[in-house]
Amino acid sequence: MSGPVLDLVVRYRKGQTYGVHALLAALDVEPPSVPYELHLARSVAEVAARVTAGVEARRRVLTVWSFYSPDAAAMEQELREVRSATPAVPGAAVHLAGGVHATAEPLVTLRAGWDAVAIGEGERTFTSFVEAVATGADWRGLPGTAHLDPATGALSKNRAAERLPLDRYPTFPTTRNLTSPIEITRGCIYACRFCQTPFMFSARFRHRSVASVREHVRVMRGRGLRDVRFITPTSLSYGSPDESPALDAVEELLAACREELGPGGRVFFGSFPSELRPEHVDVEALRMLRRHIANRDVIIGAQSGSDDVLAASGRGHGAAVVERAVRLAVQEGFRPNVDVIFGMPGEGEAEALATVAMMTRLADLGARIHAHTFMPLPGTPWRNEAPGRIADGARRALAVLSTRGGVYGSWERQEGIAAELAGARSAEAGHRGGRPRRLREGDPASTS
Ligand code: SF4
């Protein structure tokens with residue numbers, strides 16, 4: 001049998017594995033027509049070594065990177081290192097970026113040095129791209145991709161790739177021992193203005209069938225795994241086309257997973273990496289969950305204690321429903337973990353203190369608070385807003401609550417990331433010749 005024609009070098013980083021596993025799963029379903037070798041590169045040095053080996057052996061080389069906006073600068077630096085450490089043979093290696101940042105900022109990403117970007121969900125685009133590079137075909141016209149026009153340097157963007165049913169591809173590859181939580185729902189009908197999910201995956205739900213989920217659980221069980229978790233933007237929306245939960249569908253899913261897992265298996269639901277919307281939490285739902293799931297910690301998205309900020313963010317619920325959800329969850333034997341975001345647009349001192357007051361009440365009920373700082377993420381309706389800053393009063397309250405274990409999270413680190421994102425945005429506006437947006441530091445309506 002002849003050796004590999006293509007070296008497929010995937011930058012494999014902690015925190016980014018789920019997306020990579022989904023791509024590799026797609027490659028199981030639609031493999032390239034010529035032999036290839038996959039390298040999961042856990043460092044930039046490994047990427048460079050694999051690229052060098054491939055180019056020197058005169059094989060085709062494709063590197064693949066996927067990252068969120070806060071990592072974009074670090075990945076750009078890595079790509080520079082790879083380019084400077086590998087043989088400068090024009091066209092010998094193709095560097096492809098995908099993920100939410102590349103989708104939201106294709107031009108910025110291409111100017112940072114990648115040859116092509118995959119826009120939107122990546123499975124079909126990825127398998128087509130791999131096939132094109134592996135066979136030496138032209139990849140520049142592929143749906144779902146963009147590149148810089150060699151003559152003009154302008155962005156050349158192709159039509160969007162087709163959005164396929166979730167069952168088309170598994171969540172993780174079945175031919176390699178790589179596992180992730182099972183993606184049961186993709187896309188989101190809600191339109192929270194800080195969130196990248198709706199633009200990345202569309203503003204409607206696509207659900208994986210119970211039969212497909214069962215197949216995943218069977219594979220996991222065959223690997224000796226006993227715990228099942230899920231990826232979904234809103235757990236209790238499984239099976240539903242709209243805002244109302246479809247509890248029968250959720251129960252069918254959970255019961256099927258338990259049956260496939262057998263004795264000793266554990267199903268985790270409504271916990272990381274998925275959460276419950278507060279208006280979906282009622283006694284019927286909680287009792288159904290108690291019958292099927294192993295976790296007692298659940299995550300409830302609150303985001304703010306201010307109705308005005310919640311309305312401005314498009315969350316679709318108010319603050320009172322959060323307190324009701326927490327009360328019911330505690331009553332039914334769960335420990336709620338409640339997500340809040342400080343520094344969202346429209347949040348002044350009064351709104352921040354409303355969130356602090358809500359947090360304190362929820363902590364007294366037995367909840368833990370997961371605190372975040374607003375980041376103006378590319379692609380979102382709030383991408384041009386000022387970076388989140390935590391008001392002094394809220395900062396002091398967070399410190400007090402954290403000493404008694406009532407709050408956790410990376411709100412301080414995210415404050416720094418938010419400022420960096422806004423700085424990168426201003427620099428890019430300057431690069432485009434536009435007027436950099438002035439960050440409204442000190443404006444109490446937007447930075448506290
Ligand atoms: S925050 Fe959650 S509910 Fe809101 S749009 Fe994003 S995924 Fe959907």
Side-chain angles (χ1 to χ4, degrees), residues 18-19 22 68-70 99-101 103-104 120-121 163 166 171 181-208 229-246 250 269-282 285 298-319 321-322 325-326 336-347 355 369-383 385 388 409-411 414 418 421:
Y18 300 167
Y68 294 111
S69 300
V100 280
H101 183 79
T103 294
E121 56 191 61
R163 285 197 165 113
L166 224 49
T171 296
I182 304 166
E183 186 183 28
I184 52 172
T185 300
R186 184 178 285 187
C188 188
I189 60 165
Y190 300 98
C192 307
R193 292 193 170 87
F194 51 81
C195 177
Q196 291 180 313
T197 296
F199 92 84
M200 178 74 187
F201 295 125
S202 90
R204 70 179 181 86
F205 293 134
R206 272 171 293 156
H207 305 292
R208 187 177 294 283
R229 292 180 167 79
F230 305 100
I231 300 172
T232 163
T234 136
S235 296
L236 286 170
S237 296
Y238 178 74
S240 170
D242 55 30
E243 287 87 354
S244 16
V250 176
F269 189 85
S271 57
F272 183 81
S274 54
E275 68 174 45
L276 307 171
R277 280 184 61 91
E279 76 274 26
H280 291 170
V281 176
D282 61 19
V298 290
I299 302 176
I300 296 173
Q303 319 311 358
S304 177
S306 156
D307 282 335
D308 289 344
V309 173
L310 286 171
S313 73
R315 274 292 291 176
H317 64 75
V321 77
V322 174
V326 166
N337 292 255
V338 181
D339 278 326
V340 301
I341 305 174
F342 282 98
M344 285 198 281
E347 182 188 281
T355 300
I369 308 299
H370 189 187
H372 309 263
T373 303
F374 166 69
M375 294 187 277
L377 295 172
T380 67
W382 274 354
R383 62 158 295 175
E385 294 296 333
S410 306
W411 62 89
Q414 288 162 355
L421 283 171

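All residue numbers in this chain count up from 1 along the given sequence. One-based numbering, in listed order, for ligands and for the atoms of each.
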For atom 8 (Fe) of ligand 1, does an N/O/S atom of Cys192 lie at less than 2.8 Å?
->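 No - counting backbone and side chain alike, Cys192 has no N, O or S atom under 2.8 Å.
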Going by heavy atoms, is Arg315 under 4.0 Å from ligand 1?
->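 True for this residue.
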Does ligand 1 have any atom sitting under 4.0 Å from a heavy atom of Glu275?
->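 Per 4.0 Å heavy-atom rule, Glu275 does not contact ligand 1.
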State, yes or no, whether a side-chain contact exists between His101 and Pro378 at a heavy-atom distance under 4.5 Å.
->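 Yes. Closest side-chain heavy atoms under 4.5 Å.
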Answer yes or no: is there a side-chain heavy-atom contact under 4.5 Å between Thr234 and Glu275?
->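 The answer is no; the side chains never approach within 4.5 Å.
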To the nearest 0.5 Å, what is the distance between CD1 (Ile189) and OG1 (Thr197)?
->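 Ile189 CD1 to Thr197 OG1: 13.0 Å, rounded to 0.5 Å.
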Pick, from Ser313, Ala203, Cys195, the option with the minimum heavy-atom distance to atom 6 (Fe) of ligand 1.
->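 Selected option, by shortest heavy-atom distance: Cys195.
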Please identify which atoms of ligand 1 are closer than 4.0 Å to at least one heavy atom of Cys188.
->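 Result: 3 (S), 5 (S), 7 (S), 8 (Fe).
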Using a strict 4.0 Å cut-off to heavy atoms of Arg277, name the atoms of ligand 1 that fall inside it.
->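 Near Arg277, the atoms of ligand 1 are 3 (S).
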Which residue owns the protein heavy atom closest to atom 2 (Fe) of ligand 1, what's the atom, and how far is it?
->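 So the nearest neighbour among protein heavy atoms is Pro233 O, 4.0 Å.
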Would you say the ring centroid of Phe374 lies under 6.0 angstrom from that of His372?
->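 Phe374 vs His372: aromatic centres not under 6.0 Å.
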If you measure from the Lys or Arg side-chain nitrogens to the Asp or Glu carboxylate oxygens, is any gap between Arg206 and Glu121 under 4.0 Å?
->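 Salt bridge present between Arg206 and Glu121.
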For side-chain hydrogen bond (donor to acceptor under 3.5 Å, both in side chains), just list the numbers for Thr171 and Arg208, CA-CA rounded to whole Å, side-chain angles, deciding distance to a tenth of an Å, and then say yes or no.
-> CA-CA 10 Å; Thr171 296; Arg208 187 177 294 283; 3.2 Å; yes
